[in-house]
Amino acid sequence: MSEETMSQTVPPVREWPAVDLPGSDFDPVLAELMREGPLTRISLPNGEGWAWLVTRHDDVRLVTNDPRFGREAVMDRQVTRLAPHFIPARGAVGFLDPPDHTRLRRSVAAAFTARGVERVRERSRGMLDELVDAMLRAGPPADLTEAVLSPFPIAVICELMGVPATDRHAMHTWTQLILSSSHGAEVSERAKNDMNAYFSDLIGLRADSTGEDVTSLLGAAVGRGEITPAEAVGLAVLLQIGGEAVTNNSGQMFHLLLSRPELAERLRAEPEIRPRAIDELLRWIPHRNAVGLSRIALEDVEIKGVRIRAGDAVYVSYLAANRDPEVFPDPDTIDFGRSPNPHVSFGFGPHYCPGGMLARLESELLVDTVLDRVPGLKLAVAPEDVPFKKGALIRGPEALPVTW
């Protein structure tokens with residue numbers, strides 16, 4: 001490709017303000033970027049410079065699964081980003097490339113397999129029933145987020161992690177401070193340090209453990225010299241924080257089902273379609289604002305006739321990939337019969353979300369329990385009056401006022 005041809009294919013840099021959006025509205029800037037090309041260039045509110053944005057399903061899968069794009073090189077760069085502060089811990093799994101990334105993920109893999117997740121199914125169902133019992137006893141109206149959608153994922157991830165029930169509240173508080181951009185970098189950093197110290201102590205106590213929970217697996221792996229204590233703590237923090245994403249995802253899911261009662265009624269009437277329907281909701285719901293962590297091109301790579309040069313920052317948009325019309329016919333429509341449904345809501349490649357199966361389990365338990373046990377459930381306010389989080393990286397309702 002000649003320099004002249006290349007210069008014609010390099011798109012202008014687009015400012016992406018990533019404003020707080022109401023409900024499950026799809027980001028109009030992202031929709032424009034998708035229309036403008038398979039690769040565009042963006043500048044986000046924080047960090048420095050510009051980055052490539054990849055939006056097509058096949059290209060997203062290529063970038064996330066190709067060793068020519070690395071995460072570790074992001075550590076020393078102030079790449080343009082949504083988060084106002086950027087405090088990655090060196091050795092954290094999100095910023096490792098294979099083979100170190102593979103070694104670290106392997107240490108906890110058993111907890112996140114189908115068998116590992118099934119281990120907590122009945123306990124999770126019991127905890128969920130207790131939360132719904134308490135909500136029904138208190139009577140309507142209720143905040144579904146406060147009563148069920150927030151405490152349930154916290155309880156489940158703490159169960160899987162091996163965090164005692166008495167420490168769940170502290171975990172939740174730290175997670176909220178780490179994920180929110182409205183308190184400032186200092187508060188977030190202090191919360192992260194507190195969570196690091198907590199897991200350092202817990203993992204240190206479990207060096208000879210034979211338990212199946214995550215901190216026991218990490219403690220045993222450290223004890224065998226397979227991973228370092230710092231790596232174990234970094235992974236524990238990431239998994240704990242990621243576990244709470246279900247609160248926001250399920251909040252959007254129930255906001256959607258209650259805003260479009262015909263969807264909820266169909267799921268009540270046809271319980272056999274629920275697993276496929278949940279997959280479709282996971283595809284359709286815009287889980288986050290803008291984009292997550294970037295990668296750095298480690299050598300020149302050409303995608304769709306555009307050359308990405310070594311050292312360039314690259315983002316993929318899973319939200320855009322999930323609306324690619326080449327893969328999902330009529331992508332903006334919620335189709336409970338959609339099959340196949342190769343959505344990438346849990347990512348793709350080596351950094352695929354380890355908690356994907358757990359999140360699916362929680363979503364299925366929530367839909368089954370809440371829809372079946374509260375048949376008259378409806379929003380207590382108009383759908384547009386449901387308050388959504390402001391200044392958060394992950395989208396979701398602040399509260400979900402319901403009655404029955």
Check against salt bridge (charged side-chain N to carboxylate O under 4.0 Å, His left out), R268 and D368: CA-CA 8 Å; R268 283 196 180 96; D368 285 348; over 6 Å; no
Would you check, one step at a time, whether the test side-chain contact (heavy atoms from CB on, under 4.5 Å) holds for L358 with V246? CA-CA 9 Å; L358 183 68; V246 174; over 6 Å; no
Quick one: do E398 and K390 satisfy salt bridge (charged side-chain N to carboxylate O under 4.0 Å, His left out)? Show the steps, please. CA-CA 8 Å; E398 194 73 62; K390 304 279 187 213; over 6 Å; no
Could you walk me through whether M195 and Q240 satisfy the side-chain contact (heavy atoms from CB on, under 4.5 Å) test, starting with their C-alpha distance in whole Å, then the side-chain angles of each, then the deciding distance to 0.1 Å, before giving a yes or no? CA-CA 9 Å; M195 194 186 277; Q240 180 70 38; 4.2 Å; yes
Apply side-chain contact (heavy atoms from CB on, under 4.5 Å) to residues R103 and I227 and explain how you reach the verdict. CA-CA 8 Å; R103 172 179 55 82; I227 61 175; 3.6 Å; yes
Evaluate the criterion side-chain contact (heavy atoms from CB on, under 4.5 Å) for residue pair R105 and L96; output intermediate values, then yes/no. CA-CA 10 Å; R105 285 276 291 248; L96 286 178; over 6 Å; no
Does D20 form a salt bridge (charged side-chain N to carboxylate O under 4.0 Å, His left out) with R395? I'd like the steps, not just the answer. CA-CA 9 Å; D20 293 311; R395 290 175 63 176; over 6 Å; no
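Atom OG of S107 is separated from atom CG of L218 by 5.0 Å, given to the nearest 0.5 angstrom. Taking CG of L319 as the reference point, atom CD1 of I285 lies at 11.0 Å (rounded to 0.5 Å). A distance of 9.0 Å separates CG in L365 from CD1 in I278, rounded to the nearest 0.5 Å. Atom OG of residue S294 and atom CH2 of residue W52 lie 14.5 Å apart, to the nearest 0.5 angstrom. The structure places OG1 of T175 at 4.0 Å from CD of E244, a figure rounded to the nearest 0.5 Å. Summarising the geometry, atom CG belonging to D372 is positioned 11.5 Å from atom CG belonging to L377; distances are rounded to the nearest 0.5 Å.
The stretch residues 144-153 participates, sequence neighbours left out, in no side-chain hydrogen bond (donor to acceptor under 3.5 Å, both in side chains) pair at all. Applying the ring pair (Phe, Tyr, Trp, His ring centres under 6.0 Å) test to residues at least two apart or on different chains, the pairs with a partner in residues 312-351 are H57-F328, H101-H351.
D213 and T215 share a side-chain donor-acceptor pair at under 3.5 Å. Side-chain contact annotation: S345 with N322, donor-acceptor N/O pair under 3.5 Å present.
Comment: D133 engages R373 in a salt bridge, judged by a side-chain N to carboxylate O separation of less than 4.0 angstrom. A salt bridge is absent between R309 and E299; no separation between the charged side-chain nitrogens and carboxylate oxygens falls under 4.0 Å. Salt bridge annotation for R338-E280: present, with a cationic side-chain nitrogen under 4.0 angstrom from a carboxylate oxygen.
Side-chain N or O atoms of R56 include none that pairs as donor or acceptor with a backbone N or O of D58 at under 3.5 Å. A donor-acceptor pair under 3.5 Å is absent between the side-chain atoms of S209 and the main chain of A220, judged by distance alone. The backbone N or O of A313 sits nowhere less than 3.5 Å from a side-chain atom of R295 that would complete a donor-acceptor pair. Counting only distance, with no hydrogens or angles, the side chain of S188 and the backbone of L177 share a donor-acceptor pair below 3.5 Å. At least one donor-acceptor pair under 3.5 Å links the side chain of R77 to the backbone N or O of G311. In this structure, R288 contributes its side chain and V291 its backbone to a donor-acceptor pair below 3.5 Å. Side-chain atoms of N46 come within 3.5 Å of backbone N or O of L82 as a donor-acceptor pair. Under the 3.5 Å distance criterion, the side-chain polar atoms of R71 are left unmatched by any main-chain donor or acceptor of V74. Within the 3.5 Å criterion, the main-chain N or O of H255 finds a donor-acceptor partner in the side chain of S259. Here the side chain of T247 pairs a donor or acceptor atom with the backbone of L149 at under 3.5 angstrom.
Considering every non-hydrogen atom in both P67 and L298, the closest pair reads O-CD1, 3.5 Å. T369 and L128 get closest at one heavy-atom pair: OG1-CD2, 3.4 Å. What you find for D59 and P38 is that their closest heavy atoms are OD2-CB, 3.9 Å.
Relative orientation of the H169 and H172 rings is tilted, given thresholds of 30° and 60° on the angle between their planes.
Contact annotation: the side chain of N248 never approaches that of H287 to less than 4.5 Å [non-hydrogen atoms, C-beta and beyond]. You'll find the side chain of M135 reaches within 4.5 Å of the side chain of V374, heavy atoms only. Contact check for R14 versus R41: no side-chain heavy atoms found under the 4.5 Å cut-off.
For R115, the side chain to side chain donor-acceptor pair (under 3.5 Å) partners at least two apart in sequence or on another chain are E212. Considering only residues two or more places apart in sequence or on other chains, E226 meets the side chain to side chain donor-acceptor pair (under 3.5 Å) condition with R224. The side chain to side chain donor-acceptor pair (under 3.5 Å) search around T166 returns none, not counting sequence neighbours.
Remark: E384 CD is packed, more than 12 non-hydrogen atoms of other residues, nucleotides or ligands lying under 6.0 Å away. Annotation: E262, atom CD; neighbour count of heavy atoms from other residues, nucleotides and ligands within 6.0 Å is above 12. Heavy-atom contacts from other residues, nucleotides or ligands closer than 6.0 Å to NZ of K378 number 12 or fewer.
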Show me, pair by pair, the donor-acceptor contacts under 3.5 angstrom made by side chains of residues 22-31, not counting sequence neighbours?
| unit_1 | atom_1 | unit_2 | atom_2 | d |
| --- | --- | --- | --- | --- |
| S24 | OG | Q252 | OE1 | 3.0 |
| D27 | OD1 | V29 | N | 2.8 |
| D27 | OD1 | L30 | N | 3.4 |
| D27 | OD2 | W16 | NE1 | 3.0 |

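The side-chain tip of R168 does not point at the ring of W174 from less than 6.0 angstrom away and within 45° of straight on.
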